[in-house]
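Inspection log for the structure reproduced underneath, given as structure tokens.
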Amino acid sequence: QEQLVESGGGLVQPGGSLRLSCAASGIILSIYPMAWYRQAPGKMREFVAVISSAGTTTYLDSVKGRFTISRDNAKNTVYLQMNSLKPEDTAVYYCKNAATNNWGKGTLVTVSS
């Protein structure tokens, strides 16, 4: 049974960095496209980034140049490196298997001084 577990969220000051992790079990993560989404308070869930099985990446315009999605197939884990964080990045961040539509439970990122 596929499970996705996010970690790495927390409170960070504007301009700071965080690295989110999404650990997969029950699947061989390397064969799937994996994505990160986020949902800010009172807003719809939105796409943030995706990485294909071949390593091709696509990003939400507002995070381009600041966020990097990557994968470590040996660890069965996908990452989201977030730099130059802004208050508007505050949200619950979710990992998703873009092929099976399975979601993790999310990890909260709060950007505030």
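Below, all heavy atoms of this structure are taken into account, side chains as well, without hydrogens, waters or symmetry copies.
The ring pair (Phe, Tyr, Trp, His ring centres under 6.0 Å) contacts involving residues 22-47 comprise Y37-F47, Y37-W103, where partners must be two or more places apart or lie in separate chains.
Between atom CD1 of residue I69 and atom CD of residue Q81 there is a gap of 12.5 Å, rounded to the nearest 0.5 Å. Atoms CD1 and OG1, from I27 and T100 in turn, are 6.5 Å apart once rounded to the nearest 0.5 Å. Between the OG atom in S53 and the CD1 atom in I31 there is a gap of 8.5 Å [rounded to 0.5 Å]. Atom CG of residue L108 and atom OG1 of residue T90 lie 8.0 Å apart, to the nearest 0.5 angstrom.
No side-chain heavy atom of S17 sits under 4.5 Å from any side-chain heavy atom of M82. Between P87 and S112 there is no side-chain heavy-atom pair separated by less than 4.5 Å. The closest side-chain heavy-atom distance from V48 to F67 is below 4.5 Å. Side-chain contact between N97 and M34 is present, with at least one heavy-atom pair separated by less than 4.5 Å. In this structure the side chain of Q39 never reaches within 4.5 angstrom of the side chain of E46, judged on heavy atoms. With contacts defined as side-chain heavy-atom distances shorter than 4.5 Å, the pair V50/T57 does not qualify. Under the 4.5 Å side-chain criterion, counting only non-hydrogen atoms from C-beta, L80 is not in contact with T68.
Side chains of T77 and D72: no donor on one and acceptor on the other come within 3.5 Å. If you check the side chains of E2 and S25, you find no donor sitting under 3.5 Å from an acceptor.
In this structure, G9 and V109 approach most closely via the heavy-atom pair CA-CG2, 4.1 Å. Pairing each heavy atom of L29 with each of N76, the nearest pair is N-OD1, 3.0 Å. Of all non-hydrogen atoms in L20 and T107, the two that sit nearest each other are CD2-CG2, 4.0 Å.
Clustering ILVMFWY residues whenever any of their side-chain heavy atoms sit less than 4.5 angstrom apart, transitively, puts V111 in the very cluster that holds Y59.
Salt bridge absent: D89 and K86 never bring a charged side-chain N and a carboxylate O closer than 4.0 Å.
Among residues two or more places apart in sequence or in another chain, the side-chain contact (heavy atoms from CB on, under 4.5 Å) test is passed with S70 by Y79.
For R38 and Y94, the positive end is not near the middle of the six-membered ring at less than 6.0 Å and at most 45° from its axis.
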